[in-house]
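Written out below as structure tokens is the structure these notes cover.
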Amino acid sequence: MVFKTVQTTPIKGQKPGTSGLRKKTAVFREPGYLENFVQCIFDGTGGAAGKTYVIGGDGRFFNTQAIGVIIRMAAANGAARLIVGQDGILSTPAASNLIRKNQTDGGIILSASHNPGGENGDFGIKFNAPNGGPAPEKITDAIFAKTLEITEYKIAEQEPEDIGRAGSFTVGDCRIDVVDPVGDYETLMQELFDFDAIGTLFAGGFRICFDAMHAVTGPYATRILEGTLGAPKGSVINAVPSPDFGGGHPDPNPVWASELVAIMNGDDAPDFGAASDGDGDRNMVMGKGTFISPSDSLALLTAYAHLAPAYSGKLAGVARSMPTSQAVDLVAVRLGIPCFETPTGWKFFGNLLDAGKATLCGEESAGTGSNHIREKDGLWAVLLWLNILARDGRDIVQLQSDHWRSFGRNYYSRHDYEEIPTEAAEALMAALRGRLADLPGTVVAGLEVSTADDFAYRDPIDQSLTEAQGVRIGFTDGSRVVMRLSGTGTQGATLRVYLERFVDRSGDHTQDVQAALAPVIAAAETLADITKHTGRSSADVIT
Ligand code: G16
């Protein structure tokens with residue numbers, strides 16, 4: 001085996017965002033772009049010599065070629081062993097599980113998550129730490145620093161063997177184990193949940209529609225739901241991963257999962273609907289004719305997690321990202337457990353999970369997970385829901401309305417303004433930040449401001465401080481507006497406006513969400529002059 005050292009120079013813009021480095025696929029295919037970043041992952045984490053890594057991705061266009069490059073580079077950098085998903089496939093949660101189970105030195109996951117794939121779509125790469133979670137900022141900062149000074153990378157000259165079959169081969173002294181992507185993940189799910197109860201539910205005629213959105217969860221959902229648990233064949237739709245996700249947008253929300261929404265709103269709707277994203281870490285759930293918002297789903301899962309064997313009597317605490325609605329906070333108070341508020345980015349949950357302070361975590365962006373791994377986990381959330389429904393007996397829509405009757409409802413929506421010029425987005429945020437000190441006590445569109453700040457997070461475990469994580473404006477009636485710029489886009493800037501209004505337990509929980517939020521939407525516009533700064537009179541995506 002011949003290894004070579006290739007001279008290179010730093011490439012601008014290789015700074016990881018909310019979740020790794022995401023760019024247009026064409027950018028990743030430019031000479032040296034992937035190679036530079038992979039070398040910097042190794043160099044920024046103390047080198048690859050003697051180490052073991054998990055490697056896999058969501059199957060999007062360029063996935064297998066990128067994995068070939070990473071195998072050649074890991075071997076040339078002296079790695080001892082690589083665990084690679086067959087055909088290069090590993091869902092993000094399955095990769096996290098393999099990293100933990102095999103006690104590896106981390107993993108490299110190839111995905112741009114919910115972003116579209118294909119030659120003209122997006123691609124991404126991220127490093128996960130030995131705890132199985134996305135690298136915390138001190139590691140991504142070290143990797144980024146290396147990208148600014150890189151002069152060479154190491155790579156094997158020969159293409160590796162075919163990774164389409166399970167088995168082992170070597171590249172130089174590095175052993176490559178190609179593994180079934182689903183097996184270990186399924187075993188973990190069986191340990192967490194009451195599979196007998198879920199099997200009995202399906203045997204009794206309960207019907208599910210799981211939309212894998214042509215993405216990585218297809219093989220996982222088909223084997224576990226239809227195979228092991230006995231859901232009828234055809235319960236999983238769009239089940240075969242395709243490099244461009246069937247030309248779609250693998251983002252499980254009511255806008256992009258419109259096929260599932262149509263089925264769940266149809267005359268013969270199944271009892272339960274769910275969708276997952278490109279790399280299998282996000283989830284959306286629905287009942288007949290009813291979308292369950294991710295924030296409500298987190299609150300409900302927390303309230304009923306005791307019905308699953310793994311969580312019965314074991315909830316130490318719960319954590320949510322700052323823009324996620326405060327519905328779960330109310331549940332935590334009643335359960336007498338702490339509720340942590342973190343910046344957006346699953347990486348911020350890692351320390352809380354490692355320290356045993358949080359057991360369940362969730363985000364408004366359709367992510368829910370637990371201490372079973374260190375990533376959010378789409379199929380896990382679906383199985384927890386099925387476990388709860390099997391043991392509780394009520395349908396999900398009834399469960400949700402009973403929950404609101406008991407806790408009150410946090411009406412919630414996110415308005416996204418996509419691909420706006422970066423300077424315009426930054427000007428909007430700067431102007432808003434400049435007004436914060438004067439806002440408390442003023443009345444905006446009929447709502448009185450009670451609090452206004454720019455969210456800063458002091459990690460309770462390592463005391464690291466993360467600042468400027470989004471503007472929070474609270475009103476005296478309990479409503480809230482949060483604004484921040486997305487860290488996962490690849491074109492211009494995306495302004496996210498998060499809107500929340502609380503209606504207590506005796507109030508009207510049946511209103512249209514946008515109508516219920518109308519005063520808060522008006523206040524957001526007045527506060528930030530969104531139309532003036534963006535030139536848009538309405539959001540591009542409303543979820
Ligand atoms: C990633 C992060 C999530 C975050 C989401 C959206 O998810 O892991 O924590 O909520 O991006 O981030 P942003 O609002 O900055 O675009 P994923 O599923 O894209 O890896």
Side-chain angles (χ1 to χ4, degrees), residues 18-19 92-93 96 113-114 133-134 192 251-253 274-277 279-286 291-308 310-311 314-335 337-354 357-388 396 399-400 403 407 409-414 455 457 469-470 480 482 484 488 496 498 500 543:
T18 306
S19 184
T92 293
S96 181
S113 187
H114 56 292
L192 300 175
D251 194 352
N253 64 41
S276 191
D277 70 333
D279 61 332
D281 57 3
R282 296 184 179 203
N283 76 94
M284 166 176 120
V285 294
M286 293 187 74
F291 166 68
I292 312 287
S293 82
S295 294
D296 280 330
S297 181
L298 174 65
L300 283 153
L301 291 176
T302 304
Y304 291 97
H306 60 275
L307 296 177
Y311 305 106
K314 299 206 185 94
L315 289 195
V318 64
R320 63 164 172 83
S321 66
M322 180 273 283
T324 303
S325 100
Q326 297 158 101
V328 70
D329 303 35
L330 304 173
V331 179
V333 168
R334 196 168 301 173
L335 293 177
I337 57 174
C339 178
F340 298 90
E341 185 178 36
T342 61
T344 293
W346 202 263
K347 59 193 171 195
F348 292 103
F349 294 134
N351 280 349
L352 295 169
L353 292 164
D354 284 349
K357 292 200 172 292
T359 309
L360 301 182
C361 305
E363 296 187 281
E364 51 68 38
S365 57
T368 347
S370 86
N371 58 356
H372 67 293
I373 51 169
R374 294 295 180 271
E375 288 277 6
K376 54 190 185 276
D377 189 344
L379 192 48
W380 167 89
V382 171
L383 290 166
L384 178 52
W385 261 116
L386 290 171
N387 189 141
I388 289 168
I396 188 168
L399 205 79
Q400 173 166 264
H403 183 87
F407 287 90
R409 177 173 184 184
N410 297 69
Y411 281 99
Y412 187 83
S413 181
R414 187 176 96 188
F455 182 56
Y457 179 65
Q469 292 302 298
R480 189 173 79 139
V482 171
R484 57 179 284 279
T488 57
R496 300 207 194 284
Y498 310 86
E500 180 173 356
T543 51

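The shown structure was predicted, so the numbers you read here are calculated from the model rather than taken from an experiment.
- The shortest distance between side-chain heavy atoms of Arg414 and Ser365 falls below 4.5 Å.
- Among residues two or more places apart in sequence or in another chain, the side chain to side chain donor-acceptor pair (under 3.5 Å) test is passed with Asp277 by Ser113.
- A salt bridge links Glu341 with Arg320; the closest basic N to acidic carboxylate O contact falls under 4.0 Å.
- Proximity of Phe349 to Glu363: side-chain heavy atoms (C-beta onward) are separated by under 4.5 Å at one or more points.
- Residues Pro323 and Thr344 are in side-chain contact: their nearest non-hydrogen atoms beyond the backbone lie under 4.5 Å apart.
- Using a 4.5 Å heavy-atom threshold, the side chains of Asn410 and Ser295 count as separate.
- Panel note: side chain Arg374, backbone Ser96; no donor-acceptor pair is recorded below 3.5 Å.
- Remark: Leu386 CG to Ile396 CD1 distance equals 9.0 Å, nearest 0.5 Å.
- No donor-acceptor pair under 3.5 Å is formed between the side chain of Asp281 and the backbone N or O of Gly367.
- Expressed to the nearest 0.5 Å, how far OG of Ser297 lies from CG of Leu384 amounts to 8.5 Å.
- Here the OG atom belonging to Ser321 is positioned 10.5 Å from the CZ atom belonging to Phe348, to the nearest 0.5 angstrom.
- Contact check for Gln469 versus Arg484: no side-chain heavy atoms found under the 4.5 Å cut-off.
- Taking CD1 of Ile337 as the start and NZ of Lys357 as the end, the distance is 13.0 Å to the nearest 0.5 Å.
- Residues Thr543 and Phe291 form no side-chain contact, since every pair of their non-hydrogen atoms from C-beta on lies 4.5 Å or further apart.
- Heavy atoms only, all atoms of each residue included: Leu353 and Cys361 are closest at CD2-SG, 3.7 Å.
- Proximity of Tyr311 to Asn371: side-chain heavy atoms (C-beta onward) are separated by under 4.5 Å at one or more points.
- When all heavy atoms are compared, the tightest approach of Gly280 to Pro93 is O-CG, 3.4 Å.
- Among all heavy-atom pairs drawn from Ile388 and Leu399, the shortest one is CG2-CD2, 4.2 Å.
- Nearest heavy-atom pair across Ser325 and Glu500 is CA-OE1, 3.4 Å.
- Not counting sequence neighbours, the partners of Arg496 by the side chain to side chain donor-acceptor pair (under 3.5 Å) test are Asp416, Ser486.
- Residues Ala332 and Cys339 approach most closely at CB-CB, 3.8 Å, considering heavy atoms.
- Of all non-hydrogen atoms in Thr324 and Gly362, the two that sit nearest each other are OG1-O, 3.9 Å.
- Ring pair Tyr304/His403 is tilted by interplanar angle, where 30° to 60° counts as tilted.
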Problem set entry | Residue pair Val333, Phe407: steps toward the side-chain contact (heavy atoms from CB on, under 4.5 Å) verdict | CA-CA 11 Å; Val333 168; Phe407 287 90; over 6 Å; no
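- Here CG of Asn283 is found 8.0 Å from CG of Leu301. Values are rounded to the nearest 0.5 Å.
- Within the 4.5 Å cutoff, the side chain of Pro134 has heavy atoms near those of the Glu375 side chain.
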Exercise. Given Tyr412 and Asp296, is the side-chain contact (heavy atoms from CB on, under 4.5 Å) satisfied, shown in steps?
Worked result: CA-CA 9 Å; Tyr412 187 83; Asp296 280 330; over 6 Å; no
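- Note that OH of Tyr498 and CD of Glu364 are 4.5 Å apart. Values are rounded to the nearest 0.5 Å.
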